[in-house]
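Note sheet for the following structure.
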Amino acid sequence: MTAIAVLGSTNMDLVAYVARAPERGETVTGTEFRTIPGGKGANQAIAAARAGGDVLMIGAVGDDAYGVRLRAELEHAGVETDLLHTAEGPSGTAHIVVDDTGGNAIVVIPGANGTVHTLGPGEMAAIAEADLLLLQLELPLSAVVEGARMAHAQGVRTILTPSPVQPLPDELFGNVDLLIPNEHEAAALSGKTEPHAAAEILLRHVPEVVITLGSKGCLYAARGSETVHFPAPEVTAVDTTGAGDTFVGALAVALGEGRAVPEALAWASIAAALCVQKPGASTSMPYRSEIDAA
């Protein structure tokens, strides 16, 4: 079983469903409201665990009711939470509006996630013992850089989802093996809106890049190889929240199992396609048996 450490955020998603998202200054009436455990780190952890990985979560929740529920949700999915610390104050929250097309807009408030500035000996040891490390940018950048540095030093394959996108220091780029931005993040990091051109620029910083393109699939690029486009399965999206994290979690499991890149990307794309057909993020992530059967 692939050992995966996830250093990342754990949030409670506060999700409002509407026919269409409001314009600035406008009020609209929604159709439904849900509280759903999420956060990019926790989402990737749950996705990887459901896909068959042996997953450990590193991060923090608050000492509030959301923190209790977030921890319980991770543990229910089979994620180890011994290094998910409890910080004083509120847990992180994500305020999400989902429209009838499945599109979303999100505001993240870090809460307890913002307390994770550095890593202790336990966190460092857990990263060193993993096969892969998954990183995102919803924790303070200092902790992300520290985790990537430790993983690289120990030969642990490191995958970074650069979201929410921000300028990245050379030290972080230099310790990442695989970068997985969506097309908007790729454009922001590279200065190129065309995905092939963006990938070419990003390969100057990291050995491999997968640019996710939503319903159009993904683009894979590696140094010394031809860039390849992989289409996504055709499905009707209900809610795209968490689809990218589902893709990353499933891909990490597939790569950790030694699958070839085309097979791994196809398997992860199936997982993401299953995710978007249900509402919510962590609640919609498929199990390994569902991915294999699709």
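Here the structure is a predicted model, which means the values were calculated and not measured.
A side-chain donor-acceptor contact under 3.5 Å links Glu123 to the backbone of Gly120. Judged by distance alone, with hydrogens and angles left aside, the side-chain atoms of Arg157 form no donor-acceptor pair with the main-chain N or O of Asp177 at under 3.5 Å. Looking at Arg149, its side chain never comes within 3.5 Å of a backbone N or O of Asn175 through a donor-acceptor pair. One N or O on the side chain of Thr158 and one on the backbone of Val156 form a donor-acceptor pair closer than 3.5 Å. Of the possible donor and acceptor atoms, none in the side chain of Glu200 sits under 3.5 Å from a partner among the backbone N and O of His196. Judged purely by atom type and a 3.5 angstrom limit, Asp63 uses its side chain to pair as donor or acceptor with the backbone of Gly89. For Arg69 (side chain) and Pro37 (main-chain N/O), no donor-acceptor pair under 3.5 Å exists by modelled atom type. The main-chain N or O of Tyr287 is found under 3.5 Å from a side-chain atom of Glu290 such that the two form a donor-acceptor pair. Put simply, the side chain of Asp131 never gets that close to the backbone of Ile4: no donor and acceptor are under 3.5 Å apart. Although no hydrogens or angles enter the test, the distance criterion places a donor-acceptor pair under 3.5 Å between the side chain of Asp64 and the main chain of Ser91.
Using a 4.0 Å cut-off between charged side-chain N and carboxylate O, Glu183 and Lys216 make a salt bridge. Between Lys40 and Glu185, no side-chain nitrogen of the basic residue sits less than 4.0 Å from a carboxylate oxygen of the acidic one, so the salt-bridge criterion is not met.
Here Leu119 contributes atom CG and Met150 contributes atom CE; the two are 9.5 Å apart, rounded to the nearest 0.5 Å. The line from CD of Gln136 to OG of Ser163 is 8.5 Å long, rounded to the nearest 0.5 Å. Rounded to the nearest 0.5 angstrom, Leu56 CG and Leu7 CG are separated by 10.0 Å. Interatomic distance, Ile96 CD1 to Asn104 CG, rounded to the nearest 0.5 Å: 6.5 Å. Atom CD1 of Ile211 is separated from atom CD1 of Ile180 by 11.0 Å, given to the nearest 0.5 angstrom. Met57 CE to Leu84 CG: the interatomic distance, rounded to the nearest 0.5 Å, is 6.0 Å.
Counting all heavy atoms, side chain and backbone alike, Leu213 lies closest to Pro195 at CD2-CG, 4.0 Å. The shortest heavy-atom contact between Ala250 and Ala268 is CB-CA, 4.0 Å. The minimum heavy-atom distance between Leu274 and Pro286, with the atom names listed, is CD1-CB, 3.8 Å.
Using a 4.5 Å heavy-atom threshold, the side chains of Pro233 and Ser269 count as touching. In this structure, the side chains of Leu251 and Leu265 come closer than 4.5 Å at one or more pairs of heavy atoms. The shortest side-chain heavy-atom distance between Val235 and Gln277 falls under the 4.5 Å cut-off. Contact of the Ile109 side chain with the His95 side chain is registered, since non-hydrogen atoms from C-beta on lie closer than 4.5 Å.
Residue His76 places its NE2 atom among 12 or fewer non-hydrogen atoms of other residues, nucleotides or ligands, all under 6.0 Å distant. More than 12 heavy atoms of other residues, nucleotides or ligands sit less than 6.0 Å from atom CD of Glu26. Taking a 6.0 Å sphere around CD of Glu32, one finds it holds more than 12 heavy atoms contributed by other residues, nucleotides or ligands.
Under a hydrophobic-cluster definition in which Ile, Leu, Val, Met, Phe, Trp and Tyr are linked whenever side-chain heavy atoms come within less than 4.5 Å, directly or via other members, Leu178 and Val206 are assigned to different clusters. When hydrophobic clusters are built by joining Ile, Leu, Val, Met, Phe, Trp and Tyr residues whose side-chain heavy atoms come closer than 4.5 Å, directly or via intermediates, Val79 is not grouped with Leu135.
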Next on the checklist: Does Glu171 form a side chain to side chain donor-acceptor pair (under 3.5 Å) with His152? I'd like the steps, not just the answer.
Outcome noted: CA-CA 11 Å; Glu171 184 179 12; His152 185 76; over 6 Å; no
Item to check | Thr118 and Glu146: CA distance, side-chain angles, deciding distance, side chain to side chain donor-acceptor pair (under 3.5 Å) verdict | outcome: CA-CA 7 Å; Thr118 189; Glu146 194 173 0; 2.9 Å; yes
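His205 and Phe173 have parallel rings, their planes meeting at less than 30° on a 0 to 90° scale where 60° marks the start of perpendicular.
Evaluation of the side chain to side chain contact (heavy atoms under 4.5 Å, CB included) rule for Ser225 yields Ala222 as partners, not counting sequence neighbours. Under the ring pair (Phe, Tyr, Trp, His ring centres under 6.0 Å) criterion, Tyr17 pairs with no residue at all, not counting sequence neighbours.
Across Thr115, Val116, Thr10, a single residue satisfies side chain to side chain contact (heavy atoms under 4.5 Å, CB included) together with Leu139, and that is Val116.
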